[in-house]
4 protein chains.
Amino acid sequence: MGAGAGKTRRMPRAVRERQMLDAAVRTFARLGYRAASMDGIAELAGVSKPLVYLYLHSKEDLFTAVIRREARALVDAVRAGVEPSLPADAQLWAGLRAFFTHTAEHPDGWAVLHHQARTHGEPFAAEVAAMREEIVAFVTALIGAAAREAHGTPDLPARDVAGLAQALVGAAESLAGWANETEGVSAKEAAATLMNFAWAGLGNLMRGERWAAGR
Amino acid sequence: MGAGAGKTRRMPRAVRERQMLDAAVRTFARLGYRAASMDGIAELAGVSKPLVYLYLHSKEDLFTAVIRREARALVDAVRAGVEPSLPADAQLWAGLRAFFTHTAEHPDGWAVLHHQARTHGEPFAAEVAAMREEIVAFVTALIGAAAREAHGTPDLPARDVAGLAQALVGAAESLAGWANETEGVSAKEAAATLMNFAWAGLGNLMRGERWAAGR
Amino acid sequence: MGAGAGKTRRMPRAVRERQMLDAAVRTFARLGYRAASMDGIAELAGVSKPLVYLYLHSKEDLFTAVIRREARALVDAVRAGVEPSLPADAQLWAGLRAFFTHTAEHPDGWAVLHHQARTHGEPFAAEVAAMREEIVAFVTALIGAAAREAHGTPDLPARDVAGLAQALVGAAESLAGWANETEGVSAKEAAATLMNFAWAGLGNLMRGERWAAGR
Amino acid sequence: MGAGAGKTRRMPRAVRERQMLDAAVRTFARLGYRAASMDGIAELAGVSKPLVYLYLHSKEDLFTAVIRREARALVDAVRAGVEPSLPADAQLWAGLRAFFTHTAEHPDGWAVLHHQARTHGEPFAAEVAAMREEIVAFVTALIGAAAREAHGTPDLPARDVAGLAQALVGAAESLAGWANETEGVSAKEAAATLMNFAWAGLGNLMRGERWAAGR
DNA sequence: CATGAATGAGACTTCATTCAT
DNA sequence: AATGAATGAAGTCTCATTCAT
């Protein structure tokens with residue numbers, strides 16, 4: 001018998017736990033919370049169902065653990081991509097690239113966060129909402145900084161900035177899906193599209209130019 | 001026995017069917033496809049379960065019927081809000097207002113389309129994707145028209161326009177949620193925010209101005 | 001095909017419900033609450049498991065329904081056997097005979113009440129305790145009445161009477177088991193044994209005679 | 001590495017075994033055989049589950065061991081309380097006091113014997129039945145001795161004596177519960193109540209006096 | 001002496017769906 | 001036009017029990 005062949009057994013808890021979470025992300029992403037079965041997840045993870053329960057306690061806990069892990073990974077990736085000493089526009093650009101890169105590399109994690117977690121009741125939605133708030137706040141801060149840096153305009157109406165940030169994040173979410181699904185659209189390209197879009201809107205906002213019906 | 005007394009209410013099929021669809025929209029929106037039960041829907045509709053099966057055939061068919069009805073209603077609302085003889089920017093403005101108004105007035109329908117239908121497997125996602133394509137195509141056409149009207153620039157790269165449209169629709173979806181959940185943000189205000197955002201980005205695009213790192 | 005052959009199907013709810021309760025009494029009596037399985041009960045009742053759940057809602061509810069039905073039947077049997085216009089001793093005699101007869105005829109019901117219901121947590125034990133209190137109160141009243149009728153001694157200490165009633169009921173419960181398990185011991189005989197035992201103790205009590213160590 | 005430090009406590013087998021049995025008595029008394037889990041017992045005993053299996057082999061064996069230990073303790077307590085050279089009535093009195101004292105001091109053990117062991121199938125019930133037979137035989141012998149001593153009446157019908165003993169033991173069991181649960185009822189008091197009750201019944205029996213309906 | 005890692009089997013419960021009236 | 005009666009299939013979760021160290 002070759003070395004290490006056969007069914008690998010007896011692994012440290014931390015390793016097994018990661019395998020389970022990996023299987024769960026994939027399953028939840030593809031089927032949704034309800035349609036995913038603990039049986040299926042256990043099988044995909046290569047362990048028996050009781051072990052999943054022993055380590056993750058319940059389907060709800062498992063889903064929560066998945067959401068937390070993926071949310072943390074995404075937020076960390078974006079933060080890690082940003083150099084706080086750079087100008088705001090460069091930070092935004094870096095953040096967008098990190099965001100699109102991460103979502104492209106972890107499509108299942110992104111699907112869980114964007115689609116599944118938000119459609120299955122308060123407890124899970126709240127978890128994701130917290131992460132989204134974190135990102136929206138980050139973007140909001142950048143927009144404020146950009147305004148100050150570029151034009152010395154410290155007094156953009158908060159409501160407008162919030163709306164802009166919401167639109168920006170929503171656009172990013174939508175483009176992440178588009179880039180994942182459309183052949184040949186790279187993370188960089190998606191980031192560029194959005195950056196142009198955003199920067200122009202921001203410039204307008206700061207110049208006080210608004211679109212006006214009839215004009 | 002008097003006429004029409006007792007508990008049994010004989011109603012024409014069309015009416016009954018609408019009651020069932022109404023109950024289904026509400027239930028699917030709140031619970032999701034899997035967690036919604038035919039029992040619950042039948043009860044909410046005030047009919048017995050076999051009747052639901054008689055008219056709608058299966059849970060899958062029922063969900064599909066719901067998606068189709070709500071998608072049709074949304075598309076129709078947007079189309080009805082737009083006057084094709086107006087300039088492209090006015091059309092876009094009108095379309096956005098119609099979109100935000102309709103989603104605000106039909107939150108359950110919107111939740112089914114935006115959240116639920118996309119998270120429960122191909123058959124349903126495809127149904128919604130078709131509608132989304134219709135709207136994206138509509139927006140894309142408007143952008144093209146706007147480019148021609150305003151700047152005589154008929155040759156925007158198709159890929160850029162598609163990206164822009166994706167971003168725009170995503171931003172609209174995000175803002176719809178924001179407007180629904182944030183105290184005091186009206187449909188009109190959301191539409192204005194987005195219009196500013198979009199029009200500026202569009203202008204940039206048409207002028208060939210791009211954001212450039214380091215510059 | 002003969003009439004009524006084949007698997008009997010489609011029965012009115014009340015009938016099915018009784019069949020299920022009958023199966024449940026038998027199963028719970030033999031196996032206890034935890035060891036009894038809903039599968040087994042459904043099979044014994046000749047129905048599918050979902051039907052049991054449709055009508056009885058849960059294992060806990062089913063057990064409670066069983067306890068209530070059997071407790072009610074026992075109390076009713078005892079009450080029905082007693083003629084309130086008779087002297088207290090005759091009433092006691094009649095009550096004991098009814099008790100032993102009923103427990104002999106419904107050994108499973110008696111086992112559920114006496115053994116199973118008391119060993120599976122508060123909710124069930126409370127149900128039975130209430131019934132037992134009813135019987136103890138009834139016996140206590142009879143003892144008081146007997147004291148007044150026979151000896152004009154209205155002032156037996158309450159604590160003594162309560163202890164006597166407890167002992168009497170306990171003895172009856174024990175004898176019911178004995179009579180059920182011992183070949184050839186009839187309900188009447190058990191009742192007679194206990195009646196002698198009780199009546200003598202009662203007489204002693206009323207005459208103020210006590211057993212005293214060393215005398 | 002120093003000797004015996006750290007968390008591991010090496011203890012002689014006998015000690016560990018007693019800890020396990022103690023945990024088991026408590027757990028079985030509170031939850032019943034089925035609802036008690038080996039996990040819970042191991043945890044309460046402060047050992048790992050495999051050790052429980054190493055020493056006690058299986059849940060069934062563990063329960064049996066518990067029953068045997070508690071039954072032996074109860075029988076021993078009663079026997080130890082009795083001085084065989086005394087008159088029968090004094091022996092009975094001493095036995096009753098020992099019984100009520102022991103059950104009051106070991107409520108979990110008593111609950112296992114009285115409630116749990118009898119409700120979970122033949123193997124366990126038989127174990128307890130044997131102990132009960134031992135006590136009933138002991139009481140039966142005392143009653144016979146009392147009859148001879150007091151009245152020189154050696155010929156009480158065996159059936160009557162058996163019934164009396166059954167009633168007496170049942171009453172004792174019932175009173176043990178009552179004394180445990182009722183504020184301020186001591187073991188001694190319970191024993192006195194029962195002694196009065198029993199002695200009177202016994203006297204009646206020996207005098208050939210019977211309660212007769214209508215007389 | 002002692003345990004962390006692991007599982008086969010079975011429990012309760014729910015649901016989409018149909019049949020006979 | 002409408003429903004009370006009924007079920008096959010599947011899902012979450014727990015438990016007694018065993019290896020390998």
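Hydrogens, waters and symmetry mates play no part in the numbers below; they use all other heavy atoms, side chains included.
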Choose from [options] the nucleotide whose nearest atom is closest to any side-chain atom of [X].
| X | options | answer |
| --- | --- | --- |
| Ser37(B) | dT12(F), dA16(E), dT7(F) | dA16(E) |
| Val47(C) | dT7(F), dA6(E), dT3(E) | dT7(F) |
| Ser58(A) | dT3(E), dC13(F), dC12(E) | dC13(F) |

Rounded distance in Å - [atom1] ([X]) to [atom2] ([N]):
| X | N | atom1 | atom2 | result |
| --- | --- | --- | --- | --- |
| Leu54(A) | dA16(F) | CG | P | 14 Å |
| Glu60(B) | dC15(E) | CD | P | 18 Å |
| Lys59(B) | dT17(E) | NZ | P | 8 Å |
| Glu43(D) | dA2(E) | CD | P | 18 Å |
| Arg34(C) | dG10(E) | CZ | P | 16 Å |
| Arg16(D) | dT3(E) | CZ | P | 7 Å |
| His57(B) | dT18(E) | NE2 | C1' | 15 Å |
| Leu56(C) | dC12(E) | CG | P | 14 Å |

(request) Assess whether one donor atom and one acceptor atom, taken from the side chain of Lys49(D) and the base of dT17(F), lie less than 3.5 Å apart. (result)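 Answer yes: a donor N or O sits under 3.5 Å from an acceptor.
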
(request) Please figure out whether Met38(C) or Tyr55(D) has its closest DNA chain E nucleotide nearer the 5' end. (result) Tyr55(D)

(message) If you assign Leu51(A) and Asp39(B) each to the DNA chain E nucleotide with the nearest heavy atom, which residue ends up on the more 5' nucleotide?
(response)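 It is Leu51(A) whose nearest nucleotide is closer to the 5' end.
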
(request) Return no unless some side-chain N or O of Arg10(A) is found under 4.0 Å from OP1 or OP2 of dA6(E). (result) no

(request) Verify the contact: side-chain N or O of Tyr53(D) to OP1 or OP2 of dT17(F), cut-off strictly under 4.0 Å; return yes or no. (result)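 Yes, within the criterion.
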
(request) Would you mind reporting whether Val25(D) and His106(D) have side-chain heavy atoms less than 4.5 Å apart? (result)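 Result no, sub-4.5 Å side-chain heavy-atom pair not found.
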
(message) Assuming nearest nucleotide by heavy-atom distance, tell me which of Ser48(C) and Tyr33(A) is located more 5' along DNA chain F.
(response) Ser48(C)

(request) Please give the nucleotide sitting opposite dA5(E) as a Watson-Crick or G-U wobble pair, both distances under 3.5 Å, or none. (result) dT18(F)

(request) For dG10(E), give its Watson-Crick or G-U wobble partner with both distances under 3.5 Å, or none. (result)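 dG10(E) is paired, partner dC13(F).
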
(message) For the residue pair Arg34(C) and Tyr33(D), would you count it as a cation-pi contact if the rule is NZ or CZ under 6.0 angstrom from the ring centre and within 45 degrees of the ring axis?
(response) no

(request) Go through the steps for Asp61(D) and Arg68(D) under the test salt bridge (charged side-chain N to carboxylate O under 4.0 Å, His left out), then give the verdict. (result) CA-CA 10 Å; Asp61(D) 281 8; Arg68(D) 287 214 179 113; over 6 Å; no

(request) Would you mind classifying the nucleic acid contact of Arg13(B) as base, sugar-phosphate or nothing, using non-hydrogen atoms under 4.0 angstrom? (result) nothing

(message) Classify Ala36(C) by what it touches in the nucleic acid, base, sugar-phosphate, or nothing, heavy-atom distance under 4.0 Å.
(response) sugar-phosphate

(request) Please name the pair of heavy atoms, one in Thr119(D) and one in Gln116(C), separated by the smallest distance, quoted to 0.1 Å. (result)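 Looking at all heavy atoms of both residues, the closest pair is CB-OE1, 3.5 Å.
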
(request) Grab the two heavy atoms, one from Val66(A) and one from Leu21(A), that are nearest each other, plus how far apart they are. (result) CG2-CD2, 3.9 Å

(message) Are more than 12 heavy atoms, taken from residues, nucleotides or ligands other than Arg118(C), located less than 6.0 Å from that residue's CZ atom?
(response)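 Yes - once you tally the heavy atoms of other residues, nucleotides and ligands closer than 6.0 Å, there are more than 12.
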
